[in-house]
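Here the structure comes first, spelled out in structure tokens, and everything after it is commentary.
For reference, positions follow the sequence shown, starting with 1. Predicted, not measured: the structure shown is a model, and the values here were computed from it.
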Amino acid sequence: MGTLTQRESGKWQAKVRRDGHPTQSKTFQTKAQAEAWARSIEREMDTSSFIPSNIAEKTLFKDMAKRYELEILPSKKGKKQDGYLLNTMVEVFGNYSLSAITPSLLSEYRDARIKIVSPQTVKHELGMVSRIFQAALLDWKIELPKGNPVSLIRKPSIDNDRDRRLEGEEEKLLLNSLLNGCTSEWPYAIAVLAIETGARQGELLSMKWEEVFLEKRTVRIRGVDGGTTKNGDPFRDIPLTRRATELLSNLPKASKGKVFPITRDALKKSWQRAVERGRREHVHSLLLPLLQEKGFDEKAQKSELNALIFKKRKLSPITLKLLEKIDREDKVLVDLHFHDLRHEGTSRLANKLAMHELMKVTGHKTTRMLARYYHPRAEELSKKLDD
């Protein structure tokens, strides 16, 4: 039996000594707790299942996170996004020891967090916690008696397959908004090129003029910041449509440097504003004839539209009902992501290229992955039957 000692504070310290094992000690509120712990440690030592937990108990999560940030994070392709995740997890678990972060604790965090953010975000956050534990175990040789706690909980189920394509007048509305509403020409040009090539946003932002060959109508595509592509290739060469070639020919050119001198954050903001602006203009165009049908004369229509735009007075009940009807029945430029342009581009290219050719252009390694981005319309397939 281990040695039990009562401290001046009234707490009990249990200490276990066995040949071939480091001395183990821990303090408890009651003598019964100390005895139970000592027996469990001795049982593990007797059955050769004992793993010292001292280091894990004394090592704080925030210290491991800092080491991960310095030693491992710089080599990651998505280091900026991972840096945000890392900071978020340090805010939550930073002052916990590694041994205190249990599956139960993580499950509670998961269940509370998923009420606030998307399942995808929660999965990414838990993944960051898991990577830090893996680094502690494999790279820094810190013994984790109970292993990686993240591996012992269920991850949020995610259904992120999308089949969103540009429908009807959406392309015209979107591109007009990008062209006429943005302070630079870059967001419009990037969107057009995404539709024409099916390339990812990060790949387009990494394009360099020295790798654009207009006479051959080809361009070399690389990953984020010029690194490897998402599928691990150093680059891929893709063909350019006539529309894409003409677009690039009319852009301000340089012998070297990026084709699109715009940051990811700036593009994101421009995209969001353009979609909102295009949606707003579309709703206004639908609202006016509906107001006319309800008996609003031209002056009253203009007054309602100004109230909607400038928000200086309340809208009439009729206008509010009409807006609710439009939002309910019309989904033009609703839930449109920049990445959906990759779906659009891939689906259009599929009408012109064989499957193996299309995979070379989009960079997909398997037909299964390609199928996530190929969303043909029935009318497009019927045309193929006649060709």
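At distances below 3.5 Å, not a single donor-acceptor pair connects side-chain atoms of Ser130 with backbone N or O atoms of Leu126. Between the Thr59 side chain and the Ala56 main chain, no donor and acceptor come within less than 3.5 Å of each other. With hydrogens and angles disregarded, no donor-acceptor distance shorter than 3.5 Å links the side chain of Arg243 to the backbone of Val192. Within the 3.5 Å criterion, the main-chain N or O of Leu85 finds no donor-acceptor partner in the side chain of Glu125. A donor-acceptor contact shorter than 3.5 Å links the side chain of Glu357 to the backbone of Ala354. Looking only at distances, no side-chain donor or acceptor of Ser303 sits under 3.5 Å from a matching main-chain atom of Lys299. Thr218 places no side-chain N or O within 3.5 Å of a backbone atom of Leu214 that could act as its donor or acceptor partner. Between the Arg217 side chain and the Leu240 main chain, a donor and an acceptor come within less than 3.5 Å of each other. The main-chain N or O of Val122 is never found under 3.5 Å from a side-chain atom of Arg110 such that the two would form a donor-acceptor pair. A donor-acceptor pair is defined here as one N or O able to donate and one able to accept, closer than 3.5 Å; such a pair exists between the side chain of Ser107 and the backbone of Pro103.
Looking only at side-chain heavy atoms (C-beta outward), Phe296 and Leu290 stay at 4.5 Å or farther from each other. Looking at heavy atoms from C-beta onward, Leu174 lies in side-chain contact with Trp271 at the 4.5 angstrom threshold. Taking the side chain as every heavy atom from C-beta outward, Glu185 and Pro252 approach each other to under 4.5 Å. At a threshold of 4.5 Å between non-hydrogen side-chain atoms, the residues Cys182 and Tyr188 do not count as touching. Residues Trp209 and Leu251 are in side-chain contact: their nearest non-hydrogen atoms beyond the backbone lie under 4.5 Å apart. Taking the side chain as every heavy atom from C-beta outward, Lys155 and Val150 approach each other to under 4.5 Å. Side-chain atoms of Leu175 and Leu178, non-hydrogen and from C-beta on, do get closer than 4.5 Å to each other. The side-chain heavy atoms of Lys11 and Gln33, taken from C-beta on, include no pair separated by under 4.5 Å.
For Glu246, the CD atom counts as loosely surrounded, since its 6.0 Å shell holds 12 or fewer non-hydrogen atoms of other residues, nucleotides or ligands. Within a 6.0 Å sphere centred on CG of Asp225, heavy atoms belonging to other residues, nucleotides or ligands number 12 at most. The environment of CD in Glu8 is sparse: at most 12 heavy-atom neighbours from other residues, nucleotides or ligands sit within 6.0 Å. The number of heavy atoms from other shown groups lying within 6.0 Å of CD (Glu379) is above 12. Within 6.0 Å of CZ in Arg368 there are 12 or fewer heavy atoms belonging to other residues, nucleotides or ligands. Around atom NZ of Lys331, more than 12 heavy atoms belonging to other residues, nucleotides or ligands sit under 6.0 Å away.
No option in Leu308, Leu322, Leu305 other than Leu308 meets the side-chain contact (heavy atoms from CB on, under 4.5 Å) test with Leu315. When each of Lys230, Arg222, Arg236 is paired with Glu203, the side chain to side chain donor-acceptor pair (under 3.5 Å) condition holds for Arg236 and for no other. Under the side chain to side chain donor-acceptor pair (under 3.5 Å) rule, Arg164 has a single partner from His343, His375, Glu170, His339, which is Glu170. Leu204 pairs with exactly one of Met207, Arg200, Gln201 by the side-chain contact (heavy atoms from CB on, under 4.5 Å) rule, that one being Met207.
One finds the CG atom of Asp139 at 4.5 Å from the CD1 atom of Ile72 (value rounded to the nearest 0.5 Å). For the atom pair CD of Glu293 and CD1 of Ile318, the computed distance is 12.5 Å after rounding to the nearest 0.5 Å.
The minimum heavy-atom distance linking Ile132 with Phe61 is given by the pair CD1-CZ, 3.5 Å. The two residues Leu98 and Ala136 come nearest to each other via the heavy atoms CD1-CB, 4.3 Å. Phe338 and Ala191 make their closest contact through CE1-CA, 4.3 Å (heavy atoms, listed as atom of the first residue, atom of the second, distance). Of all heavy-atom pairs spanning Leu86 and Ala65, the tightest one is CD2-O, 3.6 Å. Here the closest non-hydrogen pair linking Lys258 and Leu205 is CD-O, 3.6 Å. When all heavy atoms of His364 and Leu370 are compared, the pair lying nearest together is ND1-CD1, 3.4 Å.
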Is there a side-chain contact (heavy atoms from CB on, under 4.5 Å) between Val16 and Thr3? Walk through the geometry before answering. CA-CA 6 Å; Val16 177; Thr3 302; over 6 Å; no
Derivation and outcome, side-chain hydrogen bond (donor to acceptor under 3.5 Å, both in side chains), residues Gln13 and Thr5: CA-CA 5 Å; Gln13 182 191 58; Thr5 305; 4.8 Å; no
Applying side-chain contact (heavy atoms from CB on, under 4.5 Å) to Lys62 and Asn95, what does each step give before you reach the verdict? CA-CA 6 Å; Lys62 63 183 178 183; Asn95 291 322; 2.9 Å; yes
Please step through side-chain contact (heavy atoms from CB on, under 4.5 Å) for the pair Tyr96 and Leu105, ending with a clear verdict. CA-CA 11 Å; Tyr96 284 84; Leu105 179 67; 3.6 Å; yes
For a salt bridge (charged side-chain N to carboxylate O under 4.0 Å, His left out) check, start with the C-alpha distance between Lys365 and Asp233, then their side-chain angles and the critical distance, and finish with the verdict. CA-CA 10 Å; Lys365 295 291 188 181; Asp233 295 325; 2.8 Å; yes
Dump the intermediate steps for salt bridge (charged side-chain N to carboxylate O under 4.0 Å, His left out) on Glu69 and Lys66, then the final yes or no. CA-CA 5 Å; Glu69 181 182 18; Lys66 186 64 176 179; 3.6 Å; yes
Using salt bridge (charged side-chain N to carboxylate O under 4.0 Å, His left out), reason through Arg279 and Asp327 one step at a time and then give a plain yes or no. CA-CA 10 Å; Arg279 171 65 183 176; Asp327 287 340; 3.3 Å; yes
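Between Glu329 and Lys325 there is a salt bridge, since at least one side-chain N of the basic residue sits less than 4.0 Å from a carboxylate O of the acidic one. With salt bridges taken as basic N to acidic carboxylate O contacts below 4.0 Å, one links Arg348 and Glu344. The pair Arg162-Asp340 counts as a salt bridge, with a side-chain nitrogen and a carboxylate oxygen less than 4.0 angstrom apart.
Figure legend: cation-pi geometry between Arg131 and Tyr68 absent, as NZ or CZ is not positioned both under 6.0 Å from the six-membered ring centre and within 45° of its axis.
A donor-acceptor contact closer than 3.5 angstrom links the side chains of His282 and Asp330. Between the side chains of Thr241 and Glu196, at least one donor N or O lies within less than 3.5 Å of an accepting N or O. With 3.5 Å as the limit, one finds a donor-acceptor pair spanning the side chains of Ser97 and Ser99.
Note on Leu193: it does not cluster hydrophobically with Tyr373, by side-chain heavy-atom contacts below 4.5 Å among ILVMFWY residues. Under a hydrophobic clustering in which Ile, Leu, Val, Met, Phe, Trp and Tyr are joined whenever their side-chain heavy atoms come within less than 4.5 Å, directly or via other members, Val361 and Phe213 fall into different clusters. In this structure, Leu73 is a member of the same hydrophobic cluster as Trp140, with clusters built from ILVMFWY side-chain heavy atoms closer than 4.5 Å. Under the 4.5 Å side-chain heavy-atom criterion for ILVMFWY residues, no single connected hydrophobic cluster contains both Leu173 and Ile326.
The six-membered or imidazole ring of Trp12 lies away from that of Phe28, with a centre-to-centre distance of 6.0 Å or more.
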